[in-house]
Amino acid sequence: MASFQEKVFRVVSQIPRGKFSTYKEIAKKAGSPRAWRAVGNILNKSASWRTKIPCHRVIKSDGKIGGYRYGIKKKITLLKKEGIIIKNGKITSRFKK
DNA sequence: AATGAGGCCCTAA
DNA sequence: ATTAGGGCCTCAT
């Protein structure tokens with residue numbers, strides 16, 4: 001273990017329902033603050049065989065949804081169901097820069 | 001403010 | 001061991 005992937009899963013799994021996180025944050029908590037790219041890549045492939053993690057609660061730092069293995073549209077729907085408001089494919093929050 | 005280009009980290013083949 | 005890809009991020013114009 002001790003793989004970056006394991007840490008990523010752990011962090012993503014710790015995301016409470018109704019909330020969301022960014023790739024950068026996850027990468028940082030995973031131990032590599034510059035590995036947000038790997039995070040997306042890992043979630044993309046790993047989510048295929050390990051969809052037990054809320055990968056749809058992970059968005060970009062700009063507030064955009066980003067992408068989703070099962071479809072960006074599905075991701076938006078899931079987020080909205082959790083209480084997150086999305087506007088034109090972007091999340092309305094106050095964590096803006 | 002929006003757009004373009006570059007670069008870092010990780011995994012798989 | 002090397003190459004290519006990815007759901008990105010940041011800087012510059």
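Sequence lines set the chain letters: A, B, ... in the order given, protein chains first and strands last, and positions in each chain run from 1.
- With rounding to whole Å, I59(A) atom CD1 is found 13 Å from dC8(C) atom C1'.
- In this structure, the NE2 atom of H56(A) is 18 Å from the P atom of dG7(C), given to the nearest Å.
- The separation between R69(A) atom CZ and dG7(C) atom P is 9 Å, rounded to whole Å.
- Remark: L79(A) CG to I65(A) CD1 distance equals 5.5 Å, nearest 0.5 Å.
- For the pair S61(A) and dC8(C), the criterion of a side-chain N or O lying under 4.0 Å from OP1 or OP2 is not met.
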Trace of the side-chain contact (heavy atoms from CB on, under 4.5 Å) decision for I76(A) with Y68(A): CA-CA 9 Å; I76(A) 294 171; Y68(A) 196 46; over 6 Å; no

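- Distances from the side chain of F4(A) to the nucleotides dC9(C), dT11(B), dG7(C) place dT11(B) closest.
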For DNA chain B, what dot-bracket results from Watson-Crick or G-U pairs at under 3.5 Å, with [ ] for crossers and | for inter-strand partners? .||||||.|||||

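- Out of dC9(B), dG7(C), dG7(B), the shortest distance to the side chain of W36(A) is found at dG7(B).
- dG7(C) atom C1' lies 12 Å from atom CD1 of I53(A), rounded to whole Å.
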What do the steps show when you test I53(A) against L43(A) for side-chain contact (heavy atoms from CB on, under 4.5 Å), and what is the final call? CA-CA 9 Å; I53(A) 58 175; L43(A) 288 173; 3.5 Å; yes

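- Between the P atom of dC10(B) and the NZ atom of K28(A) lies a distance of 17 Å, rounded to the nearest Å.
- When rounded to the nearest whole Å, the span between NZ of K90(A) and C1' of dG7(C) equals 17 Å.
- Distances from the side chain of D62(A) to the nucleotides dC9(C), dG7(C), dC9(B) place dC9(C) closest.
- With dG7(B), dT11(B), dG5(C) as the choices, the nucleotide that has an atom nearest any side-chain atom of N41(A) turns out to be dG5(C).
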Pair K64(A), I59(A) - check side-chain contact (heavy atoms from CB on, under 4.5 Å), show working. CA-CA 6 Å; K64(A) 295 180 184 175; I59(A) 60 167; over 6 Å; no

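- Across dC9(B), dA12(B), dC10(B), the shortest atom-to-atom separation from the side chain of R37(A) is found for dC9(B).
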Could you check W36(A) against S61(A) for side-chain contact (heavy atoms from CB on, under 4.5 Å), going step by step and ending with a plain yes or no? CA-CA 10 Å; W36(A) 12 263; S61(A) 306; over 6 Å; no

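- In terms of phosphate contacts, K45(A) brings no side-chain nitrogen or oxygen within less than 4.0 Å of OP1 or OP2 of dG7(C).
- Closest to the side chain of K75(A), out of dC8(C), dT11(B), dG7(C), is dG7(C).
- Between K19(A) and E82(A) there is no salt bridge, since no side-chain N of the basic residue sits under 4.0 Å from a carboxylate O of the acidic one.
- In this structure, the side chain to side chain contact (heavy atoms under 4.5 Å, CB included) partners of K29(A), at least two apart in sequence or on a different chain, are V11(A), E25(A).
- Residue A38(A) is classed as a base contact, given a heavy-atom separation below 4.0 Å to a base.
- Distance CD1 (I72(A)) to P (dG6(C)): 16 Å, rounded to an integer number of Å.
- The side chain of K24(A) contributes no N or O atom lying less than 4.0 Å from OP1 or OP2 of dC9(C).
- Looking at residues two or more places apart in sequence or on another chain, you find no side-chain hydrogen bond (donor to acceptor under 3.5 Å, both in side chains) involving Q14(A).
- Contacts of Y23(A) with the nucleic acid, taken as non-hydrogen atoms under 4.0 Å apart, include base atoms.
- Atom pair N44(A):CG and dC9(B):C1' shows a separation of 15 Å (rounding to whole Å applied).
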